[in-house]
Each structure stands twice: as structure tokens, then as C-alpha cells.
Trainee: 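Could you have a look at this structure, given as C-alpha cells, before my questions?
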Amino acid sequence: MELNELQQQRLQKLERLQAAGQEGFPTTSQRTHTIGAALADFDALADAATPLTLAGRIIGARRVLGKLAFAHINDGTGELQLWLSRGDLGDLLFDRFADELDTFDIVEVQGTLRRTKRGEASIFVQDLRLLAKALNPPPEKWEGLRDVEERLRQRYLDLIVNADRREVFRKRALAISSMRGYLDERGFVEVETPILQPIYGGAAARPFITHHHQLDQQLYLRIATELYLKRLIVGGFPGVYEIGKNFRNEGVDRSHNTEFTMMECYLAYADYNDMMQLTEAMFRHIALAVTGSTAVTYQGQVIDFAPTWPRIGLIESIAEQTGINVLAHPDLDDLWSRITAANLHRTGKIERKATWAKQVDELFSTFVEPLLIQPTFVIDYPVELSPLAKRHPTRPGLTERFEAFVAGMELGNAFSELNDPLDQEQRFLEQGRAYSAGDDEAHQMDTDYINALMYAMPPTGGLGVGIDRLVMVLTDQPTIREVILFPHLRSREGH
RNA sequence: GGGCCGGUAGCUCAGUGGAAGAGCACCUGACUUUUAAUCAGAGGGUCGUGGGUUCGAUCCCCACCCGGCUCACCA
């Protein structure tokens with residue numbers, strides 16, 4: 001390992017300490033309180049002059065003023081100023097602090113709590129030792145670490161330096177635990193289903209492909225959990241859910257990451273209307289848990305998760321924005337003629353797609369989705385777009401499906417689950433034809449899933465929620481990579 | 001994948017076809033209540049990588065690598 005000048009200076013300090021009989025990385029800390037606990041009980045501990053042992057990372061500049069010195073330490077629960085004087089510490093320890101310790105070192109201090117003349121809560125240090133030497137120097141004192149690439153590649157440093165970053169991930173954890181709590185309370189059983197799958201399904205996406213050597217079997221990283229979870233509804237669970245990673249071999253942008261976290265839940269003897277109510281109630285519950293309010297500000301816009309959300313028909317919303325009733329143009333050639341007649345292709349945003357369903361999806365994504373800022377249910381999707389959803393009983397060609405949109409992003413997808421095995425088989429066959437026609441995201445035939453449906457699945461409502469996007473909205477983050485700890489980046493040589 | 005922009009000291013950033021800069025950090029010295037401490041001084045660079053043009057390239061040209069924004073695709 002080649003060390004730069006700053007790293008060598010720090011290494012030399014470590015070696016000097018070790019030469020003086022100090023451990024550079026002792027096995028354990030003897031701390032008596034977290035900083036958070038010390039601050040919470042500050043006045044009592046200070047009045048009683050209780051001796052405390054605290055530990056933490058030296059953050060920010062050390063200020064050495066001749067025979068006095070100041071610094072701050074942070075242990076993840078709080079931050080506290082160290083007050084060190086040559087008189088109290090003695091020459092050996094004071095010089096050790098001044099000469100051998102650096103910003104980012106992790107130290108342990110003993111002392112009593114007091115306020116300085118200017119009123120800042122501090123620990124007046126009587127003893128100190130190194131717990132772990134930082135060989136890397138900190139970034140700029142005020143600008144911090146701004147370079148996006150470095151922040152993502154060295155997320156640990158980003159988290160050290162940018163304290164609000166840790167807050168985002170605390171809120172992410174809170175969002176997930178409150179979601180889990182909501183579902184647990186309502187009798188959903190949390191399950192784990194395969195990530196490595198012999199047949200991928202449950203969504204329209206290209207998969208990652210891998211191989212099992214011993215079994216000599218091609219496997220896919222899951223793109224969704226759907227088909228396994230519904231097998232469990234067949235198996236008799238009243239409701240199931242899974243929170244976990246999905247993997248889609250597709251582009252990365254501000255609202256897409258290669259691997260992302262989804263919650264899927266299925267409720268027996270329910271339909272998509274029930275799932276809309278569940279979605280509203282659950283999002284309200286989570287928003288309250290994370291932010292204390294149902295109204296959150298996202299990128300300057302107030303978004304209110306309070307029920308009841310508007311429900312608009314997919315077909316009607318496209319017609320409203322484009323003047324085109326896609327159901328009146330039920331094949332691709334016909335629909336494309338209508339689009340060109342309306343000159344929509346001249347906007348530069350619309351091009352001819354491989355299938356009618358994808359063309360409809362593009363019209364919606366382009367002309368309707370960006371307008372859906374407040375939580376909105378878009379309902380009743382075409383059968384061709386929804387191979388796993390039950391047909392609408394009164395609207396031919398449509399299914400009982402909705403997607404939940406917030407801030408112009410799809411946050412949820414749900415339907416009354418198709419439980420007719422014969423219809424499901426036909427849908428898979430249709431998907432196979434779409435694949436042949438050039439739709440490389442079409443579903444594969446899953447005969448075992450059909451077999452499961454042939455034992456009868458009760459009427460079931462299902463819902464999927466994109467956790468990362470939900471966290472983006474709840475924490476006001478502009479991109480998905482700011483709510484994922486280690487988003488995917490190309491590897492860089494020598495790093 | 002396309003378009004536009006970027007990569008210079010540990011970090012944040014200037015800059016120029018003719019000797020590589022600033023601030024912060026770091027190092028040395030002074031300083032017993034600092035809060036971006038202050039004062040004085042010193043050190044630190046394969047200017048993303050590889051070619052090319054040129055007497056001379058960090059700068060101009062080409063290719064490549066990594067990233068940002070954006071469009072396309074997807075949730």
C-alpha cells in the first residue's frame with residue numbers, strides 16, 4: 001500500500017504511540033456512558049461531578065491553544081466538546097493529544113461534565129487514550145465531501161462527514177419497520193422466497209442470469225416475489241408479505257437502481273378495492289411514523305398522504321391528456337395511425353413500440369404520469385399490460401389493477417389477482433407471443449404456478465410497493481441513490 | 001446507448017501553448033476558555049489514462065476510463 005504524505009504522518013504518529021507503549025487499536029472500550037446518555041442527563045451528572053468514561057471519533061478541527069485544547073467527539077448517539085488543559089492532564093497526555101492524535105481518530109476520555117464559560121456542554125478530560133487511529137485524513141473542514149462519485153464510492157466517509165445522511169437512513173429503517181408493524185398487526189405473515197429462481201416472473205423486466213454448477217442449471221435473480229407469494233396464498237396463509245431486493249437488468253437513473261427493495265403483500269379473500277384502502281392506510285401510517293405528519297415536502301412540493309386518494313381510470317386519463325381512446329384502437333397499427341394522426345409522434349417523445357400494450361404504457365408514462373404529484377390511484381389497466389391481473393367484471397379488455405403514483409413516480413402496483421388457471425395459461429401464452437414479437441421483458445410460462453392455481457387460489461388482492469422511492473419522498477431526496485447505502489457504480493481500477 | 005458538462009495537492013476549487021496556484025487541512029513555532037480560534041513560517045502535484053500536433057502540452061487534437069446532468073428504457 002502506498003501512503004501519501006498525510007497518511008504517512010498519521011502512521012508515524014501511530015508508531016510513536018506504540019513505541020511509547022500505547023496500543024494503536026486496543027481490544028475494547030471501557031466507556032460508562034454513550035454521549036447521548038451523558039447529554040440527556042447532563043445537569044445531574046455535572047452537578048454530582050460524576051466521573052464518566054466516554055468514547056467517540058474526533059470530529060472537526062482540534063483547537064490547541066498553548067496549554068489548553070478543545071475538540072469534539074461523536075459516537076453516533078451525540079456529540080460533545082472535549083476540554084483539555086495541560087494542568088489537569090499533565091504534560092505527557094496533553095502533548096500526546098496535541099502531537100499524536102488527529103481529527104477522525106477514535107478516542108476514549110475520562111472526566112467530569114461541566115459547561116465552559118460560554119455555556120457549551122463539555123467533558124473536562126482527566127485521562128485519555130486512543131481506541132483506533134485514523135490513517136486517512138478528513139476532507140475539507142467546511143465544504144466537506146461534495147464530489148458525488150466519492151460520496152457514493154466511500155459512503156462510510158459520506159456518513160462520517162455529512163451527519164444528515166445518517167438521518168436519511170435512520171428514516172429509511174423507520175419506514176420499513178413501521179410498514180412491517182402495520183402488516184404484522186393485520187395478520188400478514190412475513191415470509192422469504194427464493195432470490196435465485198429457475199423461472200423469473202411477476203414483472204416486466206429483463207433479468208440477471210446466473211448458473212448453478214453442481215446442478216448445471218440456469219438460474220435468474222428474481223425480478224419480483226409475486227408468483228411465489230401467491231403460491232403461499234394457495235397454501236392457505238390468510239395473508240403474506242415479503243420485503244426484499246429485486247434485481248432488474250435495466251437502466252439506472254434517478255428513480256431506478258439495478259437492485260432495489262420492494263414490499264409485496266397478498267391478502268386472501270380481498271380485491272383491488274381492498275388493496276387501495278390498505279395502501280392509503282399503510283402510507284398514512286408510515287408517513288406519520290417517519291415524519292410525524294401525513295403531509296411531507298418533497299422537492300418543494302407539499303404531498304399529503306391523508307386518505308382518500310383520487311382514483312382515475314388509466315384509459316380516461318390518457319384520453320384526457322391526448323384525446324385518444326386507446327380502446328377504440330385495439331391493435332398496434334391502428335393505435336399508431338391514431339397517434340400519428342394526432343401528430344403526437346412529432347413531439348419527439350413518442351415512438352412506435354413493439355406491442356400495443358407497450359404503446360399504451362408509453363402514452364401514459366409520457367402524458368399522464370408526470371402530472372401525478374399528489375398520491376393518486378390510476379385504475380383499470382388493459383389485459384395486455386397486466387398478465388397476472390383478474391379481468392374487470394364490467395369493463396371488457398381491462399383488469400382490476402391499479403398503480404399508485406406520488407411525485408410523478410410509481411410507488412405501488414396492485415391488482416385483484418388472476419386465479420383462473422386456464423385464463424392464466426392463455427395470458428402466459430400471449431406473453432410468449434409478445435416475446436417473439438420483440439418484447440424482451442415479457443413473462444415466461446410458469447407451469448408450476450399454473451399447477452398451483454389448479455388447486456384453487458381464493459380471490460386475492462396483491463400489492464407491491466417500491467420502498468426506495470417511498471423513502472425518497474419521505475426524506476425529500478432527489479435521487480434513488482441517496483436512499484440506497486451502496487448504489488451500484490462501475491468499478492474503478494486501483495481503488 | 002445518444003447529447004451536454006466535468007476529472008488539477010488529502011478536500012473545495014481557480015488557472016494558462018512557455019517555471020503548477022489559492023483556501024481549508026497537514027507540518028514547525030507562539031498562545032490557559034476556543035467555537036471556521038489567531039499570528040508567523042515551511043512542505044505537499046504522474047494536472048484521469050494512452051497516443052498525436054508542437055521547439056515546448058495540464059492547456060490544442062484523437063481514443064479510452066470514471067462520474068454528473070439530460071433523453072431513451074424500466075418500477
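The analysis underlying the following values was restricted to heavy atoms, covering all of them including side chains, and did not include hydrogens, waters or symmetry mates. Source: prediction; values computed, not measured. Naming: A, B, ... by sequence-line order, numbering from 1 per chain.
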Trainee: Which whole number of Å gives the distance between the P atom of B:G48 and that of B:U54?
Mentor: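 23 Å, rounded to whole Å.
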
Trainee: What is the distance, to the nearest angstrom, from the CD atom on A:E143 to the C1' atom on B:A25?
Mentor: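 To the nearest whole Å, that distance equals 13 Å.
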
Trainee: Looking at B:U70, I'd like to know if its phosphate oxygens (OP1 or OP2) sit under 4.0 Å from a side-chain N or O belonging to A:R254.
Mentor: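 True: A:R254 side-chain N/O within range (under 4.0 Å) of B:U70 OP1/OP2.
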
Trainee: With a 4.0 Å cut-off on heavy atoms, is A:Q8 in touch with a base, just the backbone sugar-phosphate, or nothing at all?
Mentor: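 It contacts nothing in the nucleic acid.
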
Trainee: Would you say a side-chain N or O of A:R490 is under 4.0 Å from OP1 or OP2 of B:C66?
Mentor: yes

Trainee: Parallel, tilted or perpendicular: which one describes the rings of A:W83 and A:F124, with boundaries at 30° and 60°?
Mentor: parallel

Trainee: Side chains of residues 90-98 of chain A: which donor-acceptor pairs under 3.5 Å do they make with residues two or more places apart or in other chains?
Mentor:
residue : atom : partner : partner atom : Å
A:D91   : OD1  : A:R86   : NH1          : 3.0
A:D95   : OD1  : A:R86   : NH1          : 3.2
A:D95   : OD1  : A:R86   : NH2          : 2.9

Trainee: Between the side chain of A:D105 and the main-chain N/O of A:K133, is any donor-acceptor distance below 3.5 Å?
Mentor: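 No, the answer is negative, given that no donor and acceptor are paired below the 3.5 Å cut-off.
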
Trainee: Mind calculating the distance between CZ (A:F124) and C1' (B:U33) to the nearest angstrom?
Mentor: 8 Å

Trainee: When the distance from CZ of A:F104 to C1' of B:G10 is rounded to whole Å, what number comes out?
Mentor: 11 Å

Trainee: With respect to the side chain of A:D361, which nucleotide from B:A36, B:U33, B:C74 is positioned closest?
Mentor: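 Out of B:A36, B:U33, B:C74, the nucleotide with an atom closest to A:D361's side chain is B:C74.
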
Trainee: List the residues meeting side-chain contact (heavy atoms from CB on, under 4.5 Å) with A:K390, not counting sequence neighbours, and say none if there are none.
Mentor: A:S416, A:N419, A:P459

Trainee: A:E369 or A:L152: which one's nearest nucleotide on RNA chain B is closer to the 5' end?
Mentor: A:L152

Trainee: Assess the side chains of A:E120 and A:H72: does a donor N or O sit below 3.5 Å from an acceptor N or O?
Mentor: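 Yes, A:H72 and A:E120 have a side-chain donor paired with an acceptor closer than 3.5 Å.
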
Trainee: OP1 or OP2 of B:U35 less than 4.0 angstrom from a side-chain nitrogen or oxygen of A:R62, does that happen here?
Mentor: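 Answer is no, no contact under 4.0 Å.
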
Trainee: Listed by chain and number, what are the ring pair (Phe, Tyr, Trp, His ring centres under 6.0 Å) partners of A:Y228, not counting sequence neighbours?
Mentor: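 A:Y228 satisfies ring pair (Phe, Tyr, Trp, His ring centres under 6.0 Å) with no residue once adjacent residues are dropped.
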
Trainee: Considering only B:A72, B:C11, B:C31, which nucleotide approaches the side chain of A:V64 most closely?
Mentor: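 Nearest to the side-chain atoms of A:V64, counting from C-beta on, is B:C31.
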
Trainee: For A:R427 and A:E384, what are the C-alpha separation, side-chain angles and deciding distance, and is it a salt bridge (Lys or Arg N to Asp or Glu O under 4.0 Å)?
Mentor: CA-CA 8 Å; A:R427 304 279 192 97; A:E384 294 86 345; over 6 Å; no

Trainee: A:L3 has an atom CG; how far is it from atom C1' of B:C27, in whole Å?
Mentor: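 Computing the A:L3:CG to B:C27:C1' distance gives 17 Å.
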
Trainee: Distance check, C1' atoms only: B:C4 and B:G43, in whole angstrom units.
Mentor: 40 Å

Trainee: What integer number of Å spans the P atoms of B:U35 and B:A25?
Mentor: 13 Å

Trainee: Is there a side-chain contact between A:K358 and the phosphate of B:C74, meaning an N or O under 4.0 Å from OP1 or OP2?
Mentor: yes

Trainee: What distance, rounded to whole Å, do you find between the two P atoms, one in B:A22 and one in B:G15?
Mentor: 15 Å

Trainee: Which comes earlier along RNA chain B counting from the 5' end, the contact point of A:D102 or that of A:F70, where each point is its nearest nucleotide?
Mentor: A:D102

Trainee: Among the candidates B:C69, B:U35, B:U32, find the nucleotide nearest to the side-chain atoms of A:E120.
Mentor: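 Closest nucleotide among those given: B:U35.
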
Trainee: Taking the minimum atom-to-atom distance to the side chain of A:H256, which one of B:U35, B:U33, B:C74 wins?
Mentor: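 In terms of side-chain proximity for A:H256, the closest of B:U35, B:U33, B:C74 is B:C74.
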
Trainee: What contact category does A:A203 fall into here, base, sugar-phosphate, or nothing, at under 4.0 angstrom with non-hydrogen atoms?
Mentor: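 The residue A:A203 makes no contact with any strand.
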
Trainee: Nearest-Å distance, CD (A:E250) to P (B:A72)?
Mentor: 16 Å

Trainee: Name all residues meeting the ring pair (Phe, Tyr, Trp, His ring centres under 6.0 Å) criterion together with A:F188; count only those two or more places apart in sequence or in a different chain, and write none if there are none.
Mentor: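 If we apply the ring pair (Phe, Tyr, Trp, His ring centres under 6.0 Å) test to A:F188, skipping adjacent residues, there are no hits.
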
Trainee: Would you say A:R153 places a side-chain N or O within less than 4.0 Å of OP1 or OP2 belonging to B:G67?
Mentor: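 Yes.
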
Trainee: Which whole number of Å gives the distance between the C1' atom of B:G50 and that of B:U46?
Mentor: 13 Å

Trainee: For B:C73 and A:K353 - does any side-chain N or O of the residue sit under 4.0 Å from the phosphate oxygens OP1/OP2?
Mentor: yes

Trainee: Choose from B:A37, B:C69, B:C27 the nucleotide whose nearest atom is closest to any side-chain atom of A:R481.
Mentor: B:C69

Trainee: State the dot-bracket string of RNA chain B. Criteria: Watson-Crick or G-U wobble, both atom distances under 3.5 angstrom; notation: ( ) intrastrand, [ ] crossing earlier pairs, | interstrand, . unpaired.
Mentor: (((((((..((((....[..))))..((((.......))))......(((((..]....))))))))))))....

Trainee: Quote, to the nearest angstrom, the C1' distance that separates B:C60 from B:G56.
Mentor: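 So the two C1' atoms sit 13 Å from each other.
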
Trainee: Taking atom P of B:G67 as reference, at what distance in whole Å does atom CD of A:E149 sit?
Mentor: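 These atoms are roughly 6 Å apart.
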
Trainee: A:K141 has an atom NZ; how far is it from atom P of B:C11, in whole Å?
Mentor: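 It works out to 17 Å between those atoms.
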
Trainee: Heavy atoms under 4.0 Å, any strand shown: does A:S365 hit a base, just sugar-phosphate, or nothing?
Mentor: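 Counting heavy atoms under 4.0 Å across all strands, no contact is made by A:S365.
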
Trainee: Taking only side-chain nitrogens and oxygens of A:R146, does any of them come within less than 4.0 Å of OP1 or OP2 of B:C11?
Mentor: no

Trainee: For the pair made of CG in A:N249 and P in B:C73, what is the distance, rounded to whole Å?
Mentor: 18 Å

Trainee: Which residue pairs pass the salt bridge (Lys or Arg N to Asp or Glu O under 4.0 Å) test when at least one of the two sits in residues 467-481 of chain A, sequence neighbours left out?
Mentor: A:R172-A:D468

